[in-house]
2 protein chains.
Amino acid sequence: MEAVPRKTTIREVAQAASVGIGTISRVLNSSSQVSRETRARVLEAIRRLGFRPNAQARRILKRRAEMVCFLLSNRDFLHPFHARILQGVESYASGLKQHVLFAALHYSPRTPPDRIDLPPVLQEHGLIDGLILAGTIYPNLLRRIESINMPFVAFSNNVVGMGDEEQFDQVGFDDFNGTLHATRHLIGKGHRHIVFAADVSYPWLRRRFEGYRQAMRENKLKHVLITSRNPQSFVDFGQKSAGRILSRQPRPTAAVAGNDEIAYGLWRSLRRQGVKVPDDISLVGFDDREEAVLMDPPLSTVRVDKEEIGETCMKMLLERLHHPRMTFSQRILPTEFVIRGTVRQL
Amino acid sequence: MEAVPRKTTIREVAQAASVGIGTISRVLNSSSQVSRETRARVLEAIRRLGFRPNAQARRILKRRAEMVCFLLSNRDFLHPFHARILQGVESYASGLKQHVLFAALHYSPRTPPDRIDLPPVLQEHGLIDGLILAGTIYPNLLRRIESINMPFVAFSNNVVGMGDEEQFDQVGFDDFNGTLHATRHLIGKGHRHIVFAADVSYPWLRRRFEGYRQAMRENKLKHVLITSRNPQSFVDFGQKSAGRILSRQPRPTAAVAGNDEIAYGLWRSLRRQGVKVPDDISLVGFDDREEAVLMDPPLSTVRVDKEEIGETCMKMLLERLHHPRMTFSQRILPTEFVIRGTVRQL
DNA sequence: TTAGGGTGTGGAACCAGTTCCAAGGATTTT
DNA sequence: AAAATCCTTGGAACTGGTTCCACACCCTAA
């Protein structure tokens, strides 16, 4: 490897400006008082030499990397959903001169914690100050992270199999109230036979189901859960569910999908069978993905502000870094039902 | 801010193992020969003290951050397309113990280079070794990057307004041959009246248009470019183009869309007007986005391997870092036409 | 026995910053 | 006029690694 050209150092700047190295440092950190003339002379020397302070050296002393890691776990790819969270993290972070490192991890929920092979960032220390966990989170990963004493905040909607005794910082959105409001909206539009389509073995879909059930119960309506066998994907789940919905007697007038992908699958399959949305059946989704607007008609769905999730994660992580012994907190961000074109008045 | 607990240092480990600090370093870097017994004693001490070497300190000496920045410029959000490139970068990088920092930047093509406000990562030095530029790249940004002497590789398909004299490392995919093959495929299926829909003021769409034109020319067919006024987005562009396509005499039997979003808009608008794809008109896209498979019927399109782009960018950047004076190179990755359901045999 | 070579090891010097103490000079107080 | 205080400033010491030189030790050859 060829030698990297040496960069200007603080000592050379000090020489050039005929001051001591301490003064340069003081100017850089705009901290304690430096006389107007000295400061000007130093700044001029910095400009002239094109000096940019070395980040690593500062960090050793500061004991802060000013960097956090966004760790995406067990996702085959960086979905727009998580991409938006990442963006929320980044935009908030960069305003505070914090950097965001991106890393991915694949692990099995059954691997013992100490056998989980963490990404390189987490193997050295001092590289990052903390961690934002996104993607599916099983208890063994939490154990592993705790074992290296790395402060972290988890995006909690995809946390699986955690007991109530678990204590860690988390940010999530309100699954329950999301479907509660969506379902109430359908009921308000005169719908009585409303089904819910999702695989409720996922904790977050289970919570959404509970929100739907709550709305049905408070209106003394019967709840119906539609599932399908061996789906290849959520879209496929939706497609396979369509037939089951249509075969019910009496035929449901509306369906609440566990997420937008299921809603898409449903819509596509219904349309193929000549069933029109919303004329023949109303449909609502959850998540408000990009594709929701592109559906025809555009999908009424529960909006989740993904960037706000990211921003809140970052905010909470910084608080944790500043106050390591602060008690753990959990933030649930509200969701919003967005009315588009897939619900009709009965 | 509370004090961060001091971590174990190499000197403490040396003390514990009753060896010198140099020996610890040698063990850590598994470099020169250390006797079997000494190595075992050191490793035992490291384990017992839970020692993890400080990354920053090493980097000062090594003059390498082992970190690169993925800079997304002028994108309102991290599209799946770029997300996949990022993933390609990350997965290749992490295998080589390199880290990937994510940053975003918004700038105007008209801002003078020295006025472009770079993200914090690029303001200090030593934090990253190099840069991968994704998103729209105008000459002023290149000038700015060059001014801080930061090695970089650009994803070249979105480079705008660059003369031929521009020299920098770039990785892109083959716009021209993509549409060339797609159009040839349509011609092979018996189509003669084929239009191309896109705003060719984008250089990459212009290249795709040229590929289409080449295929038409070599078959002595007339090329037709469809554009539309003041589109809100690519999808909108597609929607607005549908009418223009249908009003042509004789009516085209196939359309090549500049990208999948335009294809989606076209498809949606055509369907609304009762025109069936592919029965009444065949359609091909470009990019092979996630949505392409979800369209009904799924879209025949030109696949671009985004992760390979990311991987190649990272590979090229590492080469550049190892050989700073190497001549600049440009890699064009091949594309592949994917046959799905939107083209019919005439 | 001595010279020569190879291996293993200790630790000073170094990297590029920050911190802090001491000290110089100016200004104010006594 | 002397003492006290404040504002600036210089630079040694420090951070936590790596590098390199010196040296001890062992083995072999002359």
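All heavy atoms count here, side chains included; hydrogens, waters and symmetry mates do not. Below, read A as the first sequence line, B as the second, and so on, with proteins coming before strands; counting in each chain starts at 1.
Between the P atom of C/dC14 and the CD1 atom of A/Ile60 lies a distance of 17 Å, rounded to the nearest Å. For the pair B/Leu61 CG and C/dC15 C1', the computed distance is 5 Å after rounding to whole Å. With rounding to whole Å, A/Leu28 atom CG is found 12 Å from C/dA16 atom C1'. Straight-line distance from the CD atom of A/Glu37 to the C1' atom of D/dC7: 12 Å, rounded to whole Å. The CD-C1' distance, from B/Gln15 to C/dG10, rounds to 14 Å in whole Å. When the P atom of C/dA26 is taken as reference, atom CZ of A/Arg36 falls 19 Å away, rounded to whole Å. B/Asn54 has its CG atom 13 Å from the C1' atom of D/dT18, to the nearest Å. In this structure, A/Ile10 atom CD1 and D/dC14 atom P are separated by 19 Å, rounded to whole Å.
If you check C/dG8, C/dT18, C/dA12 against the side chain of A/Ser25, the one that comes closest is C/dT18. For B/Val34, the side-chain atoms get nearest to C/dT9 when compared with the rest of C/dT9, D/dG17, C/dG17. Comparing D/dT9, C/dT18, D/dG17 by their closest approach to the side chain of A/Arg58 singles out C/dT18. Residue A/Ile21 places its side chain closer to D/dA13 than to any other of C/dG10, D/dG16, D/dA13. Minimum atom distance to the side chain of B/Ala57 is reached by D/dG16, of the listed D/dG16, D/dG11, C/dA12.
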Please table the atom pairs, donor to acceptor, closer than 3.5 Å between any side-chain atom in residues 70-77 of chain A and protein atoms at least two apart or in another chain.
from: A/Ser73; atom 1: OG; to: A/Ala134; atom 2: O; distance (Å): 3.2
from: A/Ser73; atom 1: OG; to: A/Thr136; atom 2: O; distance (Å): 2.9
from: A/Asn74; atom 1: OD1; to: A/Tyr107; atom 2: N; distance (Å): 2.8
from: A/Asn74; atom 1: ND2; to: A/Tyr107; atom 2: O; distance (Å): 2.8
from: A/Arg75; atom 1: NH2; to: A/Thr136; atom 2: OG1; distance (Å): 2.7

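A sub-4.0 Å separation between OP1 or OP2 of D/dT9 and a side-chain N or O of A/Thr23 is absent. Under 4.0 angstrom from either OP1 or OP2 of C/dT18 there lies at least one side-chain N or O belonging to A/Asn29. Distances shorter than 4.0 Å separate some side-chain N or O of B/Arg63 from OP1 or OP2 on C/dA16. Within the 4.0 Å cut-off from OP1 or OP2 of D/dT8, not a single side-chain nitrogen or oxygen of A/Arg39 is found. Within the 4.0 Å cut-off from OP1 or OP2 of C/dT7, not a single side-chain nitrogen or oxygen of B/Ser35 is found.
Qualifying salt bridge (Lys or Arg N to Asp or Glu O under 4.0 Å) partners for A/Glu66, counting only residues two or more places apart in sequence or in other chains: A/Arg59. For the ring-ring contact (aromatic ring centres under 6.0 Å, His included) test, no residue two or more places apart in sequence or in another chain qualifies with B/His125. Taking A/Phe168 as the reference, A/Phe152 meet the ring-ring contact (aromatic ring centres under 6.0 Å, His included) condition, with sequence neighbours excluded.
B/Arg320 places a side-chain N or O within donor-acceptor distance of the main-chain N or O of B/Met326, the cut-off being under 3.5 Å. Between the side chain of B/Asn140 and the backbone N or O of B/Thr111 there is at least one donor-acceptor pair closer than 3.5 Å.
Recorded end-axis angle for the helix from C/dT1-D/dA30 to C/dT30-D/dA1 stands at 60°, based on five pairs per end and rounded to 10 degrees.
No salt bridge links B/Arg41 with B/Glu44; every basic N to acidic carboxylate O contact stays at or beyond 4.0 Å. Under a 4.0 Å N-O distance rule, the pair B/Glu124/A/Arg52 does not qualify as a salt bridge.
Between B/Arg11 and A/Ala55, the one whose closest nucleotide on DNA chain C sits nearer the 5' end is B/Arg11.
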Would you tabulate the pairs of protein nitrogen or oxygen atoms and nucleotide nitrogen or oxygen atoms of nucleotides 20-24 of chain C closer than 3.5 angstrom?
from: C/dC20; atom 1: N4; to: A/Arg26; atom 2: NH1; distance (Å): 3.2

Begin from the C-alpha positions of B/Gln98 and B/Leu318 and carry the test side-chain contact (heavy atoms from CB on, under 4.5 Å) through to its verdict. CA-CA 10 Å; B/Gln98 300 282 322; B/Leu318 288 175; 4.0 Å; yes
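Using a 4.0 Å heavy-atom distance criterion, B/Arg59 is classed as making no nucleic acid contact.
Within a 6.0 Å radius of CZ in A/Arg115, other residues, nucleotides and ligands contribute 12 heavy atoms or fewer.
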